[in-house]
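Take a look at the structure below.
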Amino acid sequence: MSDLEQFRAETRAWLAENCPEEMRDGDITAENQCWGGRQWEFQSDAQKRWFEAALAKGYTVPTWPKEYGGAGLSADEAKILTEERDRINARKPLSNFGISMLGPALLAFGTHEQKLMHLGAIARGEIRWCQGYSEPGAGSDLASLKTKCEDKGDHWLINGQKIWTSNADISDWIFCLVRTDADAPKHKGITFILIDMASEGISVKPIILISGHSPFCETFFDDVKVPKAYGDDNLSVVGEVNRGWDVAKNLLVHERGMLGTMSPLRGATGPENLGGYAAGEIGVDATGRLDDPSLRQKIAQAEIDDWAYNLTVERLNDEANAGNGLGAKSSMLKYAASELTKKGSQLRMDIGGTDAATIGPDGIEYGSLANTWLYNRAYSILGGTTEVQLNIISKRVLELPSA
Amino acid sequence: MSLILTEEQEMLQDAANGFLTENAPVAAFREVRDSKNPDGFCRDLWKEMADMGWAGIIVDEEFGGSEFGYVGAGVLAEQMGRNLTASPFFSTSVLGATAVQRYGTAKQKEQHLGSICDGSTLFALAVDEGPRHHPEHIEFAATPHGNGYKLSGAKTFVADGHVADKLIIAARTSGEANDPSGITLFLVDADAEEIDRTHTPMIDSRNAANIKVDGLEVTGDDILGEVDKGYEALEGILSAGRAVLGAEMSGSSQQAFAITTDYLKEREQFGQKIGSFQGLQHRAAHLATEIEMTKSAVLKSLQLLDDDFESASATCSMAKAKSGMTAQLSTQEAIQMHGGIGVTDEYDVGLYFKRVHVAQQMFGDAGFHADRLAKRSGY
């Protein structure tokens with residue numbers, strides 16, 4: 001038996017023993033996943049047991065080095081772990097922006113002290129991070145951001161406003177892009193900074209969306225002091241001052257990578273497969289075909305696209321592991337995933353007819369089809385709009401000329 | 001298993017790319033077309049391909065093949081799709097070889113695989129009986145006669161049927177026209193007196209034949225696989241064909257797109273490169289994304305044929321559907337983005353457009369496979 005086969009056998013046995021039955025329903029919604037953080041309360045005993053078992057093994061962040069709370073798995077081993085987890089439909093024991101976005105950026109750009117301070121806390125689910133990128137005047141043109149950050153000797157002084165900060169109201173820290181040089185060209189005066197959300201001067205206001213609910217907030221910074229060092233030498237700035245755009249770009253690739261791995265039709269629109277759902281709602285004719293030929297064709301098309309998409313995530317990951325970096329191709333995944341996600345929930349609404357468009361006495365029910373459908377409109381906007389992704393593919397992948 | 005090519009497969013890809021761009025570029029295809037070569041391909045080129053081991057690409061080494069599996073066949077087909085290489089590769093080395101190697105008796109393998117590998121015997125698969133792919137609809141009759149059967153009926157669009165030495169014919173031994181059971185495959189000599197072949201040149205300048213058979217007597221030795229259970233074998237052969245056609249269309253999509261992006265970078269209008277226009281950039285970026293999706297779908301279907309042949313059918317359908325849609329989009333956009341010259345015979349993009357249309361129709365277009373997958377999923 002090869003080392004990898006051995007690892008697979010061990011992993012399978014470990015999962016069988018440690019992953020509770022209740023946690024084998026797929027990691028499918030923002031509501032049932034384990035987010036962690038200071039305000040976190042486990043939703044069930046099973047969720048807690050699963051998290052603790054994974055933590056003990058370093059499997060909340062399997063590929064991170066052991067000294068930072070991970071299991072130090074190789075790419076091949078990590079793939080096996082994912083495959084084995086998917087095989088029993090196990091949820092991820094912990095998932096949040098610290099794991100998917102900040103962590104990889106810190107691993108690439110952080111100092112040893114920064115890694116020690118933050119990565120372990122992320123791995124242990126102690127700190128929940130949110131992302132302070134967009135501003136009211138800086139959406140697709142992110143680099144035009146204006147939140148001001150002044151050097152005050154032993155600390156930074158921050159004034160400004162961020163928008164679309166997901167879960168800012170229940171997060172502990174924020175990784176933020178701020179303007180440290182107003183005179184430099186726009187990409188050259190931005191700094192990537194880490195801020196404790198408990199700092200004085202930070203206030204948060206949730207935003208109500210067309211879906212009736214949302215994780216999004218506005219976050220205001222009013223004379224917020226950020227100490228340059230925490231304890232010994234743990235700097236609050238990641239990478240160099242005024243070079244935060246490099247970090248931001250790296251992180252956006254991870255964000256797109258994450259947004260691009262959502263298994264669009266299943267993940268974002270409900271556990272049941274689309275065709276099965278349609279057959280249940282609409283019924284089939286004497287030949288076993290859905291009793292709505294036009295919808296049937298659209299559903300089948302979407303399922304083919306979804307299948308090819310999921311295989312592409314697998315292939316591009318395998319290529320990245322073999323040393324051919326994913327790079328700007330992550331924009332293709334983000335683009336395809338968000339469009340497919342929207343298509344999937346649109347189809348579910350079409351299948352559901354007026355039933356799906358009916359709301360409760362208190363408005364749009366959280367987790368309802370309509371709620372998901374409306375919320376999903378944002379997928380092709382957040383994390384870089386579809387149009388921005390297409391621009392990136394044109395320029396970076398196809399190298400088409402600029403205007 | 002990783003969803004990428006192994007080192008060996010990459011070497012095959014490089015070799016194929018080198019050989020075909022050198023010896024069988026689109027210009028060579030034009031030559032065959034313009035000379036009205038009745039074969040529709042160049043026999044010398046086919047011999048060279050066979051000498052390199054391509055004709056026996058999926059055949060096991062013990063029978064003289066190079067045992068590269070379906071991923072190997074797909075790697076070659078993709079490069080052929082890029083260069084619009086016309087050859088008996090698909091009919092003989094994919095369909096014929098799959099039929100004999102997977103469903104043939106020891107004797108049939110002994111008899112035919114060697115001559116597939118050395119390129120000396122050409123095969124063709126006769127399935128459809130109308131203009132649209134419908135493999136269950138078999139009326140072509142095999143009626144018991146003496147110790148064997150008598151074959152009578154008609155087949156349409158038998159690719160390479162006009163040059164084939166051997167025909168694999170799906171015939172009905174029992175049941176009704178649309179019944180998957182009751183179908184039997186026969187492997188017969190194509191030049192038998194009772195077989196009438198009408199050459200049907202196609203829009204893509206490849207060749208096919210309509211075939212009429214009138215009372216051809218066959219014996220049990222001519223049966224490929226099991227009596228009445230030929231549909232399962234047919235399914236397997238078609239699955240392999242669909243995946244490899246998918247690879248070919250993926251190659252055509254990539255090349256038509258590459259020609260187009262080159263053009264976008266060089267053509268100027270309104271004082272600037274047309275590739276700087278966002279209206280074109282976004283369409284190109286969308287197409288680039290679809291091409292990536294297609295590559296993954298195709299490679300997975302080929303890998304599955306190698307790993308677990310019996311379970312590959314649905315994945316092959318998905319790959320055929322996805323690659324067909326992408327190829328159609330890629331070649332349509334290639335013409336449109338080239339403007340007026342895109343519809344001239346002089347420019348290659350139109351040749352790709354025509355080829356992928358026929359490849360789409362062959363063994364089921366995207367709609368056919370969407371229907372098939374939907375039924376399989378219970379809706």
Side-chain angles (χ1 to χ4, degrees), chain A residues 76 79 273-280 282-284 287-293 295-305 307-319 321-322 324 329 331-333 335-336 339 386-387 389-395 397-403, chain B residues 1-7 257-258 260-261 264-266 268 272-278 280-301 303 314-315 317-326 366-367 369-379:
Chain A
D76 284 340
K79 186 174 179 185
N273 91 28
L274 205 49
Y277 172 65
I282 297 172
V284 295
T287 68
R289 291 178 170 91
L290 189 70
D291 234 346
D292 184 329
L295 252 181
R296 178 173 184 266
Q297 188 64 26
K298 286 184 204 162
I299 293 167
Q301 193 60 62
E303 292 201 329
I304 289 168
D305 288 343
W307 193 344
Y309 166 82
N310 286 318
L311 290 170
T312 304
V313 171
E314 183 184 344
R315 183 172 64 83
L316 293 182
N317 275 328
D318 285 343
E319 283 190 5
N321 292 339
N324 307 316
K329 281 189 181 170
S331 287
M332 292 182 171
L333 296 182
Y335 163 58
E339 294 300 328
T386 276
E387 290 71 21
Q389 306 307 332
L390 293 173
N391 284 345
I392 293 171
I393 298 165
S394 302
K395 291 200 174 68
V397 183
L398 305 180
E399 298 178 336
L400 291 175
S402 342
Chain B
M1 177 190 244
S2 291
L3 198 52
I4 47 177
L5 295 182
T6 63
E7 225 169 286
F257 184 60
T260 305
T261 46
L264 293 177
K265 290 174 190 177
E266 121 209 340
E268 288 187 13
Q272 48 190 314
K273 307 278 191 224
I274 62 170
S276 67
F277 298 134
Q278 205 175 37
L280 296 183
Q281 287 186 342
H282 283 192
R283 275 158 53 193
H286 169 71
L287 183 49
T289 307
E290 291 295 297
I291 287 173
E292 285 300 321
M293 305 288 150
T294 301
K295 286 186 201 168
S296 326
V298 168
L299 182 55
K300 184 67 180 187
S301 66
Q303 283 189 348
T315 309
S317 270
M318 182 273 297
K320 178 70 167 58
K322 187 74 201 173
S323 57
M325 286 183 294
T326 301
H369 290 290
D371 175 68
R372 194 165 179 264
L373 290 170
K375 256 193 283 183
R376 175 178 167 270
S377 302
Y379 70 94

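Values below: all heavy atoms of this structure, side chains included; hydrogens, waters and symmetry mates excluded. In what follows, chains are A, B, ... by sequence order, proteins preceding strands, each numbered from 1. Small disclaimer: the values here were computed from a predicted structure and weren't measured.
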Whatever's closer than 4.5 Å to a heavy atom in chain A on B/A314 counts as both
Whatever's closer than 4.5 Å to a heavy atom in chain A on B/T315 counts as both
Bottom line for B/K300: the part with an atom under 4.5 Å from chain A's heavy atoms is side chain
Minimal heavy-atom distance between B/M318 and A/L311, with the atoms involved, is CE-CD1, 3.5 Å
Applying side-chain hydrogen bond (donor to acceptor under 3.5 Å, both in side chains) to A/R289 and not counting sequence neighbours gives A/T287, B/D371
Turns out that what part of A/E399 lies under 4.5 Å from chain B's heavy atoms comes down to both
Assert top hit (heavy-atom pairs under 4.5 Å, partner chain B, pool A/T386, A/D305, A/L316) equals A/D305
Exercise for the section: Please confirm whether the backbone N or O of B/S2 pairs with a side-chain atom of A/D318, one donor and one acceptor, at under 3.5 Å? Expected result: no
So, the part of A/Q297 with a heavy atom under 4.5 Å from chain B: the answer is side chain
Turns out that what part of B/L264 lies under 4.5 Å from chain A's heavy atoms comes down to both
| message | As a quick check of understanding, evaluate side chain to side chain contact (heavy atoms under 4.5 Å, CB included) for A/Q389 and B/T289, giving each step before the final call. | response | CA-CA 11 Å; A/Q389 306 307 332; B/T289 307; over 6 Å; no
Any donor-acceptor pair under 3.5 Å linking the side chain of B/Q281 with the backbone of A/P401?
yes
Applying salt bridge (charged side-chain N to carboxylate O under 4.0 Å, His left out) to B/E292 and not counting sequence neighbours gives A/R315, A/K329, B/K295
When every non-hydrogen atom of A/A300 is compared with those of B/Y379, the smallest separation belongs to CA-OH, 3.2 Å
Of A/A308, A/S402, A/A279, A/A278, the largest count of non-hydrogen pairs under 4.5 angstrom with chain B goes to A/A308
Tightest non-hydrogen contact, residues A/A322 and B/I4, listed as CB-CD1, 3.7 Å
Greatest number of non-hydrogen atom pairs under 4.5 angstrom with chain B, of A/L290, A/I282, A/D291, A/D76, falls to A/L290
Whatever's closer than 4.5 Å to a heavy atom in chain A on B/F257 counts as side chain
